[in-house]
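Got a structure here, written out as structure tokens. Questions coming.
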Amino acid sequence: MPELPEVEVSCLGIRPHLQGQLLQRVVVRQRQLRWPVPDEVMALKDEPIQAVSRRAKYLLIELADGCVLLHLGMSGHVKVLPRDTPAGKHDHVDFVLGSGQLLRLNDTRRFGAVLWQGAGEAHVLLSQLGPEPLTEAFNTELLWQQCQKRSSAIKLVLMDNKVVVGVGNIYANEALFKAGILPSRPAKSLSVDDCERLVQEVKHTLAQAIAQGGTTLRDFSQSDGKPGYFKQELLVYGRGGLPCMRCGAQLEEIRLGQRSTVFCQSCQR
DNA sequence: ATATCCACCTGGCGGC
DNA sequence: TGCCGCCAGGTGGATA
């Protein structure tokens, strides 16, 4: 479920419920996520929440002495619920708020994580990350320079979070299709023009998905806001073997870096 | 440094 | 129905 747009929409959704509230305590039912939930987080007591933000696919809950980092992995999601809501399967962690509500992390596959970053420190997992895709820091020049250094397929470069964060498998497929670039093209072979189109389509696709998610996933305090998502907008992802929406040719499906990759032989070069 | 592959975990689906 | 293999939105880490 979570690519960058879902994380951003989650961030926007939970922020009004968390910001300015007291984080009274943290209830951990399953400590073993991708890494064990750190002691510092387990021990939190009556900490005012100063802000809620996002970096890459991490949600940041900012406190006075540091920051709780949440990563949703492949199957995680967060919800704001009344405090007395019974916990169900895979409801691993609750952040109990002074408002009478709680923020609940549910993660079936447990690839997600809860981490701690002390005030003034940069968590090692965050310190190596590339620019945010929706900022000016991610631009044609940067992508082109990164591509010059790489012999691997452009799709892999696009999904490398040292190059740019937040471009997962769905949106890599989509953006490459819209930019008319074959996913398997060696990154080195991209022209400045190719990079310009690609940067533009990455930004456009992510922004559009956020806008859609924002309309379907508005209320995080309800039991479920499971989105109609962005699914109806997908042009290639999940459509291998089906006709290209643009030219009608049969879409190809291959594996690239062990990830499913779909493209149109005639629309992408 | 870079590229490749594996691992982590649960559940849903198609095929037999 | 039941069992089996395969696949899934991520990404750190081991290995060559």
Side-chain angles (χ1 to χ4, degrees), chain A residues 1-11 29-38 54-59 69-78 88-93 105-115 117 122-130 133 145-176 183-188 202 205-206 208-210 212-213 216-217 225-241 253-262:
Chain A
M1 150 177 200
E3 286 216 31
L4 183 137
E6 289 74 27
V7 180
E8 176 66 13
V9 168
S10 297
C11 182
R29 294 181 202 83
Q30 168 59 274
R31 193 172 185 180
Q32 213 53 50
L33 303 180
R34 180 158 192 191
W35 295 280
V37 177
R54 178 190 61 75
R55 169 73 174 119
K57 292 175 186 165
Y58 293 89
L59 290 168
L69 309 180
L70 300 183
H71 196 288
L72 303 178
M74 292 273 263
S75 57
H77 58 98
V78 286
K89 213 174 183 188
H90 310 306
D91 285 338
H92 303 313
V93 181
L105 172 68
N106 178 288
D107 184 3
T108 308
R109 296 176 70 183
R110 286 192 271 132
F111 289 174
V114 177
L115 303 168
Q117 173 179 267
H123 196 285
V124 61
L125 295 181
L126 298 196
S127 63
Q128 312 284 335
L129 295 174
Q145 283 185 4
Q146 292 290 331
C147 284
Q148 293 304 101
K149 306 193 292 196
R150 307 284 216 105
S151 54
S152 56
I154 180 59
K155 178 164 180 261
L156 299 181
V157 173
L158 203 53
M159 292 178 69
D160 181 343
N161 64 20
K162 289 192 287 299
V163 175
V164 58
V165 300
V167 184
N169 197 34
I170 293 179
Y171 297 105
N173 278 298
E174 295 299 308
L176 285 161
S184 55
R185 279 258 306 270
K188 271 189 179 135
V202 165
T205 309
L206 292 174
Q208 194 187 352
I210 290 169
Q212 305 250 334
T216 56
L217 256 184
K226 259 292 166 62
Y229 194 38
F230 179 68
K231 206 139 202 171
Q232 54 280 32
E233 311 286 332
L234 298 178
L235 301 174
V236 287
Y237 181 80
R239 300 195 64 250
E253 179 155 10
I254 61 170
R255 321 247 350 140
L256 224 42
Q258 295 111 248
R259 310 303 298 278
S260 153
T261 304
V262 185

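Within every chain, numbering begins at 1; the chains are lettered A, B, ... in the order of the sequence lines, protein sequences first and strands thereafter.
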* **Donor-acceptor under 3.5 Å (A/His92 side chain, A/Arg110 main chain)** =>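 Not at all, since once roles are kept as given, no pair shorter than 3.5 Å links the two residues.
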* Asked: Would you say the side chain of A/Gln146 lies within less than 4.5 Å of the side chain of A/Asp160, judging by non-hydrogen atoms?
  ->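 No. Closest side-chain heavy atoms not under 4.5 Å.
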* Side-chain contact, heavy-atom cut-off 4.5 Å: A/Val7 with A/Leu70? ->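 They are not in side-chain contact.
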* To do: Nearest whole angstrom, please: distance from the P of B/dA7 to the CE of A/Met74.
  =>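 So the CE-P distance, A/Met74 to B/dA7, works out to 15 Å.
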* Return the set of residues passing side chain to side chain donor-acceptor pair (under 3.5 Å) with A/Asp91 (not counting sequence neighbours), or none when no residue passes. =>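 Side chain to side chain donor-acceptor pair (under 3.5 Å) check on A/Asp91 returns A/Asn106.
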* Asked: A/Asp160 has an atom CG; how far is it from atom P of C/dG10, in whole Å?
  ->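 Value for this atom pair: 14 Å.
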* To do: Grab the NZ-P distance between A/Lys149 and B/dT2 for me, whole Å please.
  =>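 Interatomic distance, NZ of A/Lys149 to P of B/dT2: 7 Å.
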* Could you work out the separation of C/dC7 and B/dC5 based on their P atoms and round it to a whole Å? =>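 To the nearest whole Å, 15 Å.
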* In whole Å, what is the span from the CD atom of A/Gln32 to the P atom of B/dC9? ->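 Checked: the CD to P distance equals 8 Å.
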Considering only nitrogen or oxygen atoms on both sides, find all protein atoms under 3.5 Å from nucleotides 10-14 of chain B and state each distance.
residue	atom	partner	partner atom	Å
B/dT10	OP1	A/Arg110	NH2	2.8
B/dT10	O3'	A/His90	NE2	3.3
B/dG11	OP1	A/Lys89	NZ	3.0
B/dG11	OP1	A/His90	NE2	3.0

* Asked: Can you tell if the side chain of A/Ser260 reaches within under 4.5 Å of the side chain of A/Arg255, non-hydrogen atoms only?
  ->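 Result yes, sub-4.5 Å side-chain heavy-atom pair found.
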* Please state the P separation for the pair B/dC6 and C/dC6 - nearest whole angstrom. =>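 About 13 Å, rounded to a whole number of Å.
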Can you tabulate the close N/O pairs, meaning under 3.5 Å, that link protein atoms to atoms of nucleotides 12-15 of chain C?
residue	atom	partner	partner atom	Å
C/dG12	O4'	A/Arg34	NH2	2.8

* Sidechain-backbone polar pair: A/Arg54 side chain, A/Ala56 backbone, donor-acceptor under 3.5 Å ->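 At least one qualifying donor-acceptor pair exists.
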* How does DNA chain B read in dot-bracket, base by base from 5' to 3', with Watson-Crick or G-U pairs under 3.5 Å and | used when the partner is on another strand? -> .|||||||.|||||||
* Can you tell if the side chain of A/Gln148 reaches within under 4.5 Å of the side chain of A/Gln145, non-hydrogen atoms only? ->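 Heavy-atom side-chain distance check fails, nothing below 4.5 Å.
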* Does the side chain of A/Val164 come within less than 4.5 Å of A/Val202's, by heavy atoms? ->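 Contact flag for A/Val202/A/Val164 side chains = no.
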* **A/Arg34: salt bridge (Lys or Arg N to Asp or Glu O under 4.0 Å) partners, not counting sequence neighbours** =>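 For A/Arg34 there are no salt bridge (Lys or Arg N to Asp or Glu O under 4.0 Å) partners, ignoring immediate neighbours.
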* Asked: CG of A/Asn173 versus P of C/dG10: gap in Å, rounded?
  ->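 Computing the A/Asn173:CG to C/dG10:P distance gives 11 Å.
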* Asked: Rounded to whole angstrom units, what separation is found between the OH atom of A/Tyr171 and the P atom of C/dT11?
  ->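 Taking atom P of C/dT11 as the reference, OH of A/Tyr171 is at 14 Å.
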* To do: Calculate, to the nearest 0.5 Å, the distance between atoms CD and OG1 belonging to A/Glu174 and A/Thr205 respectively.
  =>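 Answer for the CD-OG1 pair, A/Glu174 versus A/Thr205, is 7.0 Å.
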* Asked: What parts of residues 253-261 of chain A reach DNA chain C, counting only heavy atoms under 4.0 Å away?
  ->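 Within this stretch, A/Arg255, A/Arg259, A/Ser260 sit under 4.0 Å of the strand.
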* **Min side-chain heavy-atom separation A/Leu176-A/Thr261 under 4.5 Å** =>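 Sidechains of A/Thr261 and A/Leu176: no contact.
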* Is there a side-chain contact between A/Pro133 and A/Tyr171 (heavy atoms, below 4.5 Å)? ->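 Side chain of A/Pro133 against side chain of A/Tyr171, heavy atoms only: no contact under 4.5 Å found.
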* Is there a donor-acceptor pair under 3.5 Å between the side chain of A/Glu8 and the backbone N or O of A/Ile210? ->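 The answer is no, because no donor-acceptor pair under 3.5 Å joins these two groups.
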* So, is A/His71 close to the C/dG10 phosphate, meaning a side-chain N or O under 4.0 Å from OP1 or OP2? ->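 Indeed not, no polar side-chain atom of A/His71 lies that close.
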* Is the ring centre of A/Phe111 under 5.5 Å from the base ring centre of B/dC8, and are the two planes under 30° apart, so that they stack? ->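 According to the criterion (under 5.5 Å, under 30°), yes, A/Phe111 stacks.
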* To do: Report yes if a side-chain nitrogen or oxygen of A/Tyr237 is closer than 4.0 Å to either non-bridging phosphate oxygen (OP1 or OP2) of C/dG9; otherwise report no.
  =>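 A/Tyr237 to C/dG9 OP1/OP2: side-chain N or O found under 4.0 Å.
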* Asked: Would a 4.5 Å heavy-atom cut-off, applied to side chains only, mark A/Lys57 and A/Leu72 as touching?
  ->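 Heavy-atom side-chain distance check fails, nothing below 4.5 Å.
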* **A/Asn169 CG to C/dA8 C1', straight-line distance once rounded to whole Å** =>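 To the nearest whole Å, that distance equals 10 Å.
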* To do: Rounded to the nearest angstrom, tell me the gap between atom CG in A/Leu156 and atom C1' in B/dT2.
  =>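 After rounding, the gap between these two atoms is 12 Å.
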